[in-house]
A.B. asks: 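I have a structure I would like to understand better, so I am pasting it below and will then ask my questions one at a time.
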Amino acid sequence: MIIYILPEILTFLMAVFFLLSAFKKISMETLHKTGMFFSIINILIILFTINLNGLFFYGTYKIDFFSQSIKFILAVGLFFIIFMADKRIENTIKKNYGEFLFFLFSSNLGMMMLSSALEFITLFLSLELSSYTMFVLVGFLKNKKISAEAGIKYLFIGAVASALTLYGYSIIFSYFGDTSLQAMRIGSMFMMKDVILYIGFIFFLTAFFFKLAILPFSFWAPDVYQGASTNVTAYIATVSKVAGVAVLLRIFVYFFPIFADQEKILILISILTMTFGNLVAVQQKELKRLLAYSSIAQAGYMLVGLVMFNKSGMSSTLFYVTAYLVMNFTVFLVIDQVEKEKGSTELTALKGLSQRAPLLSLSLLLALLSLGGVPPFVGFTGKWFIFSSAINKGYLTLVLIAFLNSVISVYYYLLVARQAYLFMPDEKEKMKVTVPVRVYSYFSIVFIIVMGFYPAPLLNWAEKAIRYLVG
Amino acid sequence: MSENIKLATWIVLCPFISLLLIGAITRSYKKLSALVAILAISISTILATILYFKNLYGLTPQVHYFEWLITDYFSLKFGILVDSLSIGMIMVVCIVSLLVHIYSWGYMEGEAGLSRYYAWLSLFSWAMLVFVVSPTLLQAFFGWELVGAASFLLIGFWYYKPEAAQAARKAFVMTRFGDFGFFVGLLILLVVVGNVDFHVLNKLGTNMGVSPKLITMTALFIFMGIMGKSAQFPLHAWLPDAMEGPTPVSALIHAATMVAAGIYLIARAFGFFSASPFAMEFIAAVGILTSFVAATIALVQNDVKKIMAYSTISQLGLMVAALGAGGYKAGVFHLFSHAFFKALLFLCAGSLIHHFHTNDMWEMAEKGGVRKMKITITTLIIGSLALAGCPPFAGFFSKDAILVAFEMNGKHTFMYITLLISFLTTYYSFRMIFVLLSPEKEHSHSHGHEGDHHGHGHDSPANMTIPLIILAVFSVLFGFVDTPLMNGYFDKFLLNKHEVEHLHWSVMIKSFVVFLAGISFAYVQFAGKTGYREGFAEKIGWLKALLVNKYYVDDFYFILVRGLVYPFASILNWIDRKVINDTGVNGSGNIVIFSGRFISSLMNGLLQRYLGTSLVILFILVFLWQLI
Amino acid sequence: MAGSLFPYLLLSLILISLGLIGILVRRNLIIMLICIELVLNGVSINLLALNKFSVNGSAMGQILAIFIVALAAAETTIALGLIFLIFRHYKEIDAEKLTELKG
Amino acid sequence: MFSDVIFIIFWLVIVVFAALAVFLQKPIYNAFSMAISIFSVAGMYIFLGYEFLAALQVLVYVGAISVAIIFVIMLSPPVTVKPKKLNPFKVLIGIVTALTFFGLFFILFYQKYAGSKFGNVVNANINEVGTVLATKYAVPFEIISVILLVAILGAIVLAKKED
Amino acid sequence: MNFPILSSILIVPTLGVLLILFCKPEQKTAIRVISVISTGITLLLAIFLMIAYDRQAGGYQFMEFIPWIPQWGINYILAVDGLSIPLVFLNAIAIFTGVLASWYIEDRTKEFYALLIFLATGVFGVFMTQDLFFFAIFYEVAVLPMYLLIAIWGSGKNREYAAFKLTLMLFFGSAFVMGGILYLYKAAGLNTFNLMELKRLAQYPKEVQKILFLLFFIGFGSIVPSFPMHTWSPEGHACAPTAVSMLHAGVLMKLGGYGLLRIAIPLLPSGLHDWALLMMALSMCNIVYGAFTAIAQDDMKFMVGFSSVSHMGMVLFGISTMTLTGINGAAFQMFAHGLVTALYFSSIGVMYNKTHTRMISELGGIANVMPRAAFFFAIAGMAGLGLPGFAPFVAELMVFIAGVSKYPIYGIIAVISVVVTAFYIIRCIQRTYFGETNPRWKDMKDATNFEVVPLIILVIALFVFGMYPRLVLDLMQMETKNIIAKLALM
């Protein structure tokens with residue numbers, strides 16, 4: 001039995017190890033190396049347990065291919081984040097690097113549990129665990145005024161969202177009596193649907209919308225992305241999105257009967273989110289804030305896939321969110337390198353990057369274009385699958401609006417790429433790029449182009465995961 | 001492929017081969033490319049003469065096609081048509097072209113772009129021959145356009161001269177405007193009839209399928225093209241300006257061949273045109289009007305080439321009128337004879353200009369020494385006599401044929417107008433002769449006197465004068481072709497009509513009297529010792545102004561382009577920039593930007609505003625959801 | 001009175017609305033924190049009342065209530081930590097001053 | 001009859017003190033009124049029959065959370081928050097949203113549960129809750145421990161004075 | 001003979017791009033040599049394709065089929081038929097001459113050539129693929145590099161604005177195309193993106209065809225610059241470097257026309273019937289409006305831009321007549337106009353490299369200083385205004401025949417554009433090339449032999465296909481026949 005939940009246990013032990021390391025004066029480099037080493041072990045263990053299958057703790061905790069693959073992505077994401085937080089990180093984090101890693105690992109633990117929780121209380125608590133750790137991580141840059149402000153905003157909006165979710169759930173719970181999602185699905189089959197249940201369900205979704213930064217609760221994203229340090233923002237933007245999608249996938253699978261014919265509201269939410277994200281992103285002058293709005297828009301596209309309540313919709317969303325992780329992380333990596341070099345994350349900081357770091361600017365360009373949904377890259381293929389599953393349900397206008405949105409997104413992504421390519425840099429000498437960053441850039445370029453042109457491997461994996469999820 | 005067709009194909013191909021050779025290989029060696037061009041055109045001429053002598057007494061039309069373009073309900077064919085009319089025209093084109101090629105050897109000595117010049121001449125000859133042998137209206141249009149392009153290139157040969165460039169542009173655009181009519185007529189025929197072969201077109205009047213109204217419309221459209229190319233009244237303004245080009249070019253293109261293309265086309269499609277009486281009336285009227293207008297303007301011209309240009313327009317008007325009146329043989333006969341003596345006149349003018357380096361006849365007169373140029377002046381006089389219609393010369397017989405045609409077809413008023421025009425023609429041609437021959441002021445006025453000292457009079461080199469002599473011979477002898485002397489050979493050749501026509505003495509006498517009146521009137525005004533400077537037209541104030549300004553046609557076009565076309569274009573451009581681009585495209589772009597700016601100003605960082613908006617949106621969604 | 005369900009639901013509704021007003025109106029961060037506690041209390045009353053009424057007091061409802069209390073505690077500690085940080089930077093804990101990040 | 005009177009008293013105390021907690025100006029009074037309101041919520045639980053939860057409520061909420069809040073209020077120097085005028089637009093939005101929330105659910109609940117009475121239901125007593133907690137909900141139990149650990153550590157890290 | 005010729009036409013340029021990316025920016029000559037070789041090989045392959053195509057059999061040949069994503073019905077299908085071979089050939093010529101014409105690019109040649117050949121690969125893909133998914137991919141790959149090419153290497157001060165406008169309007173158009181393709185996929189219900197199968201089996205109800213055709217018309221119309229969406233094309237032309245505007249006007253605009261003929265019309269014949277009148281009206285605007293606006297232009301490239309707007313209007317006009325001649329003429333016009341515009345831009349480019357200005361008012365008497373460049377522009381002008389003996393005349397003839405037979409009055413109005421085109425082209429030739437030489441350009445050198453090579457290739461191609469158009473027309477005829485068959489049975 002232990003082997004099944006080995007990844008969770010190991011992550012917790014690693015987190016505790018880093019907690020203890022805070023007491024001994026261990027240098028930052030060793031901590032960084034051990035962090036990298038631990039996350040690699042984590043990945044291997046998950047790979048080892050990828051094909052296991054089982055139901056534990058009286059049916060509240062499911063280990064299957066879907067949950068294990070989500071954990072694998074989370075572990076890989078964590079590895080990327082730690083490898084990005086190298087020695088040139090802000091010194092407030094460097095001072096208590098042990099706690100920083102502790103919070104990262106515990107947040108990752110929360111997300112892992114989130115993906116295999118089958119019952120509301122476990123699900124909600126692991127969601128709260130990952131949110132609370134992120135509240136602290138956002139506020140980690142103690143010497144900066146804006147990170148405290150971002151932290152407090154993040155916390156309050158999170159608190160209100162979770163309070164509303166609990167209220168929504170209390171109403172739903174009174175109908176079904178049992179907290180496990182399976183009971184809800186069976187209960188809802190033959191139960192006359194009245195208005196309170198539906199309203200309760202919408203309120204129930206607010207915490208998950210908050211997690212994915214979907215419209216009603218997405219206003220925190222710009223301030224938090226800008227306020228937090230770039231590593232933490234990268235973590236929030238990529239890994240927590242994957243977890244959010246995983247939990248929504250699971251919820252929508254079980255809540256399908258209730259929502260069979262009521263997805264109009266969710267489509268409206270996704271359109272609003274897309275348009276809001278894209279329209280405001282056009283204005284932004286600061287990179288991280290721009291990426292915040294772009295991630296809101298991307299969340300809108302993902303919601304379209306989720307809301308289709310059919311296998312193809314869900315598998316394409318999973319495909320898209322994985323691709324999104326790689327694309328977004330590449331962009332954040334480049335921003336991080338530029339911020340470490342220039343100290344500012346303004347749009348103009350990227351000026352003349354193509355002269356000073358051709359590889360980085362190429363990977364940035366490809367990632368941005370792929371985020372914008374430009375064909376040969378993986379972003380387009382992801383959108384293509386999502387929108388073809390949407391159109392299979394006959395939502396032509398939704399698809400047209402989505403495509404027009406991605407046209408607007410191409411505009412502001414090109415605004416960023418233009419800084420790198422069209423302007424001459426101030427300093428002449430080449431930017432020094434460490435080997436791991438270079439390796440990652442090559443990986444991301446290959447991933448974006450190959451998966452864009454020949455998406456079969458990633459798509460088959462996504463479909464297999466969804467089969468396990470639904471099956 | 002019958003013998004004739006093979007010959008005809010080779011005649012057409014020779015200039016094309018020379019064009020390719022010059023273009024590809026001999027571009028940089030001027031002399032060599034000149035030789036290649038002359039060689040090619042001489043081969044064509046020899047073959048043409050062989051073709052002619054093989055079919056001395058005319059032949060039934062032989063046609064050979066090859067598929068050029070297949071579309072669903074008809075196939076567009078190219079090919080070679082050989083019949084008496086086309087043989088005659090080939091002969092004329094080849095002979096004149098050959099002589100002009102030889103003449104240019106001398107005239108264009110030392111020109112920078114000589115190989116380019118000969119390339120364009122070969123292009124022109126090829127295009128003209130393609131046009132002449134074309135069995136279908138489409139191929140005619142094909143040759144027609146190429147001829148227009150060649151004339152543009154040749155007029156603009158000295159492109160560094162702004163006036164030449166302006167003239168070339170005007171010529172091309174105006175003929176192109178005419179071609180628009182031709183193209184529309186062609187399109188309608190292609191769509192309605194489907195097959196535009198000439199023998200089909202000529203029999204169009206008979207087949208019931210096609211409504212007469214339609215024939216008239218297409219005939220008028222095609223005639224619009226002819227008006228452009230053969231410089232009929234409204235669209236004639238480009239021909240006088242086209243004199244900017246080298247004189248051999250003017251001789252070949254703007255006297256003998258290109259401008260005659262329109263006449264040839266009417267002759268070729270005579271059956272089609274005569275199918276609609278209204279069209280024939282219109283053509284005749286336009287012809288006679290052009291002829292009269294051009295003749296009057298020629299009275300006041302001082303530039304030697306301009307006089308010739310207006311006389312060409314006037315003679316073309318006559319031919320068009322003749323054909324319009326139904327005189328098929330008359331029009332064609334005058335076309336051939338006019339080609340020879342007008343080419344002769346132009347080449348003489350060319351040798352004068354070459355010698356005196358000025359176009360103005362008064363300056364030539366002052367410089368004196370015109371008499372020294374023995375051959376040039378004698379051939380000039382022969383040419384003028386032919387043009388004026390003096391009995392033994394070609395002009396007399398061809399103009400007489402036209403007068404007879406008017407007579408026969410009952411167009412008496414036209415006949416009298418033609419007589420008036422031939423009076424004017426005689427007057428202005430001999431006005432030029434007498435001005436040139438008039439002695440200088442200070443010397444004794446007897447016009448045979450040698451002794452003008454400063455004229456270094458020697459004639460143009462051999463290669464310029466020989467063509468003059470040949471053309472002079474043609475101008476003299478060609479007239480007799482139609483007379484009983486050679487028992488109506490021309491009728492037999494052209495229409496293979498065998499009975500010999502008796503001479504119409506009454507018409508001949510009238511035209512001779514008019515010729516005498518004209519020449520004496522000119523003599524009195526110019527050749528006399530007083531040596532007046534103005535003719536009768538220049539004396540009358542308003543007439544002089546009208547004629548010098550060429551009936552204000554040029555100004556009309558100037559106003560049309562400046563006042564109408566440019567403003568319309570700039571309005572459209574303004575619409576494109578402001579309306580479609582700035583408001584339409586940028587407008588939608590700005591909507592996106594401003595709405596984005598508005599929302600981002602909403603997000604002003606206040607935590608409680610975020611929470612407020614989130615909850616408001618949430619409740620709105622919930623209420624909205626209950627309603628939909 | 002005590003036996004009927006509606007007063008409890010009414011009470012929870014009042015508590016939640018008061019909490020919401022407090023969060024959206026009051027500028028002092030700590031008061032907002034207090035209001036969040038009120039909202040959470042309202043939610044747990046509603047949960048427990050419905051649990052007793054329709055699910056006749058099953059253990060799951062109570063356990064969820066327990067966890068809500070625990071979560072509230074954790075949330076408050078982190079909130080106070082952050083408020084302390086804000087206080088150090090801004091010298092006052094007024095929500096309307098936190099406009100450094102905007103646009 | 002007697003228990004109804006006490007019920008109403010408790011009910012009113014909660015509402016009144018909750019309102020005071022929100023609208024009073026001095027933060028220390030807010031904290032106290034919150035504590036009292038939450039204390040009487042514990043009383044409500046007893047009426048509902050959840051004795052353990054009432055105890056928990058008193059211990060954790062009143063004992064820990066409100067004490068922590070009061071502690072923070074006392075620690076931070078009494079900064080005199082000038083009673084700046086609340087901007088009316090924000091107040092309007094706040095009140096409108098709260099009222100719509102209240103009205104929406106009030107109507108819904110009124111239609112569904114107007115006169116419904118509790119049957120003589122015996123809540124799951126403490127050892128039943130304990131067994132379910134230890135067996136079925138073991139995983140959440142572990143998670144909440146991690147959350148509390150994270151919360152404590154977070155507060156320390158954030159509030160620690162850098163040397 | 002199962003040598004995968006079509007995939008090799010795609011792979012050779014991509015290899016070229018990769019090779020270029022791997023060599024250092026300093027090795028400019030190496031980069032240029034690689035790009036010439038790769039495009040040269042592609043041209044040879046295209047010529048081989050033209051010859052090896054079995055004309056009697058007709059239909060799809062050289063088919064390559066690899067199942068790509070079976071569950072979505074996407075497979076990698078490359079096949080060519082009468083309609084796409086000439087366009088592939090045109091693209092091969094355009095990119096080859098484009099690469100030759102951009103020998104002068106000095107800064108960042110590596111990225112320039114990589115992007116240029118990448119663009120051409122996209123266009124090859126569009127013309128060859130029979131799968132809608134790949135069509136969508138290649139369609140936007142052809143548009144993607146445009147932004148960088150114009151913004152970095154372009155000329156003129158508002159080139160960035162032009163680059164943005166061009167890219168966004170083309171993406172806007174492609175959004176509708178994508179929506180159309182997806183709805184096509186759904187409405188057919190066969191769960192396949194394979195165009196051939198859709199053509200055989202798909203039955204679309206009338207009103208679906210109506211909406212779908214409108215989507216495709218807006219999408220493809222925005223890249224064939226049909227009237228309201230055309231403002232990007234003149235500005236894009238003007239600011240783009242020579243090779244890019246050659247490719248852009250020469251080939252990119254044909255994607256729209258090709259898309260209509262390949263996807264929209266065979267699958268949605270009744271849609272065409274419904275929208276034919278609108279298409280005709282807009283193309284009328286295109287033709288006449290484009291021609292007249294060109295008169296008022298002072299910048300040569302703007303003028304050529306508007307003239308290509310007017311000529312591309314003829315393509316739509318031909319299609320809207322729904323007759324065999326019309327559609328044949330439209331297809332041939334795409335081919336012919338590609339050659340002419342390529343010649344236009346390369347000859348302007350040759351002059352622009354030396355004078356660095358395209359304003360007609362500033363130029364004068366260039367022919368005295370650069371006779372060769374003047375000669376080639378004159379040839380391009382002559383071909384452009386529809387002089388017989390060059391390819392565009394044939395196309396215009398067929399389009400006008402169909403136009404006059406279907407809509408007599410409008411046909412004749414369209415023919416007016418022939419005169420107007422002659423007017424502004426000859427005026428441009430006269431004002432820039434003839435007349436006295438502007439003192440500024442006294443010491444200009446003429447076009448070197450190397451610069452003239454691409455021009456000669458294009459002139460020969462124009463002349464050959466002008467004199468004997470059946471080389472290409474018979475190919476196109478087969479495809480247009482079965483389009484008309486589909487239209488007829490409507």
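Below, chain A is the first sequence line, B the second, and so on; all start at residue 1.
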A.B. asks: Please classify the contact between I599(B) and chain C as side chain, backbone, both or neither, with a heavy-atom cut-off of under 4.5 Å.
C.D. replies: neither
A.B. asks: Using only distance, no hydrogens or angles, which N or O donor-acceptor pairs sit under 3.5 Å between chain B and chain C?
C.D. replies:
from: M603(B); atom 1: O; to: G103(C); atom 2: N; distance (Å): 3.1
from: Q608(B); atom 1: NE2; to: I23(C); atom 2: O; distance (Å): 3.1
from: Q608(B); atom 1: NE2; to: R26(C); atom 2: O; distance (Å): 2.3

A.B. asks: For D555(B), give me all partners under side-chain contact (heavy atoms from CB on, under 4.5 Å), at least two apart in sequence or on another chain.
C.D. replies: Y552(B)
A.B. asks: Can you pull out every side-chain hydrogen bond (donor to acceptor under 3.5 Å, both in side chains) where at least one residue sits in residues 166-175 of chain B? Sequence neighbours excluded, please.
C.D. replies: Q166(B)-Q430(E), R169(B)-Y566(B), R169(B)-Q430(E), K170(B)-D241(B), K170(B)-D554(B)
A.B. asks: Apply side-chain contact (heavy atoms from CB on, under 4.5 Å) to the pair L615(B) and L24(C), showing each step before the final yes or no.
C.D. replies: CA-CA 10 Å; L615(B) 291 174; L24(C) 294 179; 4.0 Å; yes
A.B. asks: If you count every heavy atom of other residues, nucleotides or ligands that lies below 6.0 Å from F177(B) atom CZ, does the total exceed 12?
C.D. replies: no
A.B. asks: For L101(C), is it the side chain, the backbone, both, or neither that has a heavy atom closer than 4.5 Å to a heavy atom of chain B?
C.D. replies: backbone
A.B. asks: Show every donor-acceptor pair shorter than 3.5 Å between a side-chain atom in residues 78-86 of chain C and any protein atom, with sequence neighbours excluded, or say none if there are none.
C.D. replies:
none

A.B. asks: How long is the span from the CG atom in L611(B) to the CG atom in L20(C), to the nearest 0.5 Å?
C.D. replies: 9.0 Å
A.B. asks: Counting only heavy atoms closer than 4.5 Å, note whether I23(C) contacts chain B via side chain, backbone, both or neither.
C.D. replies: both
